[in-house]
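Reviewing the structure listed below.
One-based numbering, in listed order, for ligands and for the atoms of each.
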Amino acid sequence: MSVNQQAHTGLPYGQPQPGYQGYQQSGYGGQQMPGVHQSQYGAYNGPMPGYQQPAPPQGYFPPLGFPLKGSPASPNSDTPALAPNILGALRAPLPTSGAAVPAAQPAYSQFGQGDVQNGITSSAVQMQRPSASQPFIPGTAPTPVSQPATFQQYGPPPTSVQQLTNHMAGMQIGSSTSAPPPAGLGYGLSTSVPSASGSFTATGSGLYASYSSSQTPPSVNMSHGLPPTSLSPSLSLTQPAFSGPPMSAQRLPQAASVVPPPCSTGIGPSSYPPTAGAPRPPTIQGSPLPGQVPTGLPTSQPNHVSSLPPHPAMSGPPLGPPMAGLQGPPPPPTYPSQSGYPVQQNGSFGQVRGPQPNYVGPYPGTPNYGSQPAPPPPPKRLDPDSIPSPIQVIEDDKNNRGSEPFITGTRGQVPPLVTTNFLVKDQGNASPRYIRCTSYNIPCTSDMAKQSQVPLAAVIKPLATLPTNEAPPYLVDHGEPGPLRCNRCKAYMCPFMQFIEGGRRFQCCFCSCVTEVPPHYFQHLDHTGRRVDFYDRPELSLGSYEFLATASYCKNNKFPNPPAFIFMIDVSYNAVKSGLVRLICEELKSLLDYLPREGNMEESAIRVGFVTYNKVLHFYNVKSSLAQPQMMVVSDVADMFVPLLDGFLVNVNESRTIIVSLLDQIPEMFADTRETETVFAPVIQAGMEALKAAECAGKLFIFHTSLPIAEAPGKLKNRDDRKLINTDKEKTLFQPQTSFYSNLAKDCVAQGCCVDLFLFPNQYLDVATLGVVPYQTGGSIYKYTYFQLETDQERFLNDLRKDVQKEVGFDAVMRVRTSTGIRATDFFGAFYMSNTTDVELAGLDCDKTITVEFKHDDKLSEDSGALLQCALLYTSCAGQRRLRIHNLSLNCCTQLADLYRNCETDTLINYLAKFAYRGVLNNPVKTVRDTLINQCAQILACYRKNCASPSSAGQLILPECMKLLPVYLNCVLKSDVLQPGAEVTTDDRAYIRQLVSSMDVAETNVFFYPRLLPLTKADVDSDTLPAAIRSSEERLSKGDIYLLENGLNVFVWVGVNVQQSLIQNLFGVSSFSHISSTLSTLPVLENPFSKKVRSIIDMFQAQRSRHMKLIIVKQEDKLEMLFRHFLVEDKSMSGGASYVDFLCHMHKEIRQLLS
Ligand SMILES: [Zn+2]
């Protein structure tokens, strides 16, 4: 029954590979195939062959003949017994908002207008690809616009297609007529798009239309993932024990060392005499690096954290899963003398605290407040202030790097941290918003890389949303021949290609092959060997840009249709009873006006369709010519088919009246349902089949409430078993219970059918299995456990709004090419791969990352460095086929010290978390944790051995760029996936596991080490944020109110001694005891403190891709247990080590490796 029989084998470009048959080869690998170009626009100028309402394929049924397999209104279900055609009274038509918008400019027109007015009747337009070439004529929209293009076209001139070839050579920059700013807010192109130049159009996120100012957008904040510029927390942290030179000035020295509290119990390996085998002279054998000062000279390595005290338990019995040993009874406090430890001398910071049984944290009078009821108070040997502080590192980077733009012209530059707000100027390398690497200096040899154990990985976010003051990638049109590529490796033209022979040929920077420059692309070189049109062409001068793809980049050499969105709503008992069905229907009525639009398009090209389901599926015909929506029921879910073609996917504006009528009726129709069982796989199948029938890619939005136990393919059983935790079978909890969904996912990917899943469970519903299709199709999963209208509505609606409106590329394939010597070997994220090189994504949105790991396959050279080129072929929201290219050049080194100097720990942690979270699918969780610890110990031991200056073995010396590796690693180790607490469900873990796999570096950073701010310290008169504090209970004062956020939740913690006036101002109640813990939003009160706190929360919400759940926590209340889970520097309930203990443990591991 497939309309489109061609298998999507996912190799749209690149070297021809065996088995790659899906696309017609012509021209596809880059060779320009004569003959293709004559025909490729042919299909474009008219209805595509076989496209216009083809004879219904087998299995499809004409609209009115639907119930061949379906049954009208099954009596056994709660489906309302409707005659198919009658759904109730017709509602008054709503104004069609799209029509009211002034005629907009066409977004682009690389083909002349003449080419497109090719006689497509308006009735056909609905199904017609809104060609890239025309001022988009919205079919039968009420107000057809055929105005001339007023948008400055950078594309080929409006001549005929056949004249395109020579156009590019004549491109000039300089016309500064830039695109008019889109009318609107949001993530629009905005006025800041530089008025560029010659022949390219700004594209990318900017092309997605924003709300016009006359419209009222749903209150959704598009996140740029950046801290706001206006906020630069003034650092008022006290770091009392900090005795070395301030860390802040120390970004350059490469070693951070923790000063060891001289150690200690005498039983630890770090104490002299070497009980653990460490020879008394430090075991460091590496020769000092140039510039490094031998140990002992004060201030030579100001960031050194000197030796740690061995934790008492460290040298005892083997540590249990992870740090069990740390909680053992403290050894006799043989507090070490300082002998032999020139504390601070090494420029170390930190001070030793002896075991201080009465150690009192910042809580006056409440020693050890809230700490776990450990029998004897664990002796504190290490002053938390003396060990590397995430807060300090973040602040330092903000201060040092936040004020200057990050200019990408230089190879191998380490960008500012993700927590720093900075501006990026693309001068030939991709912005760190698109690509971040674990290291910007790669070892030249595989041996060196193995020695260091530093993973070489790039976290790539190809469609990242940029801040409005940065230009989105330009769209380059090379005309008929398509983008210029290397003949051999098919790399795309980029700034690193070397033009030779007077510009007649170019040598590939990836494979060294020499390729002829086609005549239309020829340009002379200047005296430096650079093409004189260097600055006119994004692909010669910028790190990121887009190419317009030709038909040879499309399935079957046919340009795609615009994508479709299908909303599929569970109408079983729970969904209806909770008010969810009504809520979704109400929201969709307005949300449909905000479907993604491209550029200045007047309306979205995306068509929509609607399905409801419980044990059976109900399709709706919402064709504009109908007086009423029609329902068609398919109860044979074993062999899913789509009962209607015409009228299922429609243009919102054309069918607005009937859609609104449908959305009004759905909640009524199922109001009295008693059906509790649901199916799931048939729902996805139905959506996919509908897209297939319409020959388009698209997205399914599925709103689902329960474990699908109804008889149907993909039926599941409840197999949750917490007893498996910490056993070898724990991994099965993360694995799908059937392979059915993997196969379904494969089919979805082939169709470009991306699935976004909104879950509303009241009990286990097997996220590990239900999540397979969303995960492998590049979709998202949202979960609202125990969904309640009052408390969860805002979060759900905000998520839905963001999700529907966000920029998405469909039917995408990504490939990462590398220069000789390294190769992409492993991939992490939400996608599907059918071979070893191509990442296939039914959909890829602006928030998703793909992490790529590289391995050596040859030696690299310091001179030439290493290059990456990420090419993403995708279909835009208007159906335009494009290639987005990101290039990045890295340095290569023969000295390990250079590697360690150019690492990025946040990215490293992002990679390690993904690596570990994938590892739990096939390994015992403990093994995964041990592997992580071991790898990081090796990384740090290698540094110590080869890069750090000789010093006592008792010192823990950390590379400056990695001094937060231990604290962050510990956060990953004790995260819910790797070490679940009692309250964490199997579904939570599966959910988090999938979520993290697609996170970018900023998201993992705050997810693993939450941001904690003292709200009561906020300056209500300024835009600044209060200075963050470390995530530890010791830092909390019972007289203050704090905010903690991790990207999924926002907690507001209220101390028991908070002034009554503050409580009144924030919560509107008279006392602490009156504060309700069930608030899901703060009351809107007209006082500066309330306004300030709400503005901070709103700002944080805007920075995140998901709406965070607000949780009010009163000190000593039961919810505080939950809150403490996020105080990640402390011991966790589930046995996770405190930061201090973990650092000791790492130190021991490192010493063992060195001895
Ligand atoms: Zn090449």
Inset, instruction - Answer yes or no as to whether an N/O/S atom of C513 is found below 2.8 Å from the Zn ion (ligand 1). - result: no
Inset, instruction - Check the angle between the aromatic planes of Y492 and Y553 and answer parallel, tilted or perpendicular using the 30° and 60° thresholds. - result: tilted
Legend entry - Stacked cation flag R530 on F534, 6.0 angstrom / 45 deg: yes
Inset, instruction - Give, rounded to 10 degrees, the angle between SG (C486) and SG (C508) as seen from the Zn ion (ligand 1). - result: 110°
Legend entry - Electrostatic pair E695:K558 at N-O distance under 4.0 angstrom: yes
Legend entry - Angle in degrees, rounded to 10°, that SG of C489 and SG of C511 form at the Zn ion (ligand 1): 110°
Legend entry - Residue pair E598, R882: steps toward the salt bridge (charged side-chain N to carboxylate O under 4.0 Å, His left out) verdict: CA-CA 13 Å; E598 196 147 44; R882 293 181 183 166; 2.7 Å; yes
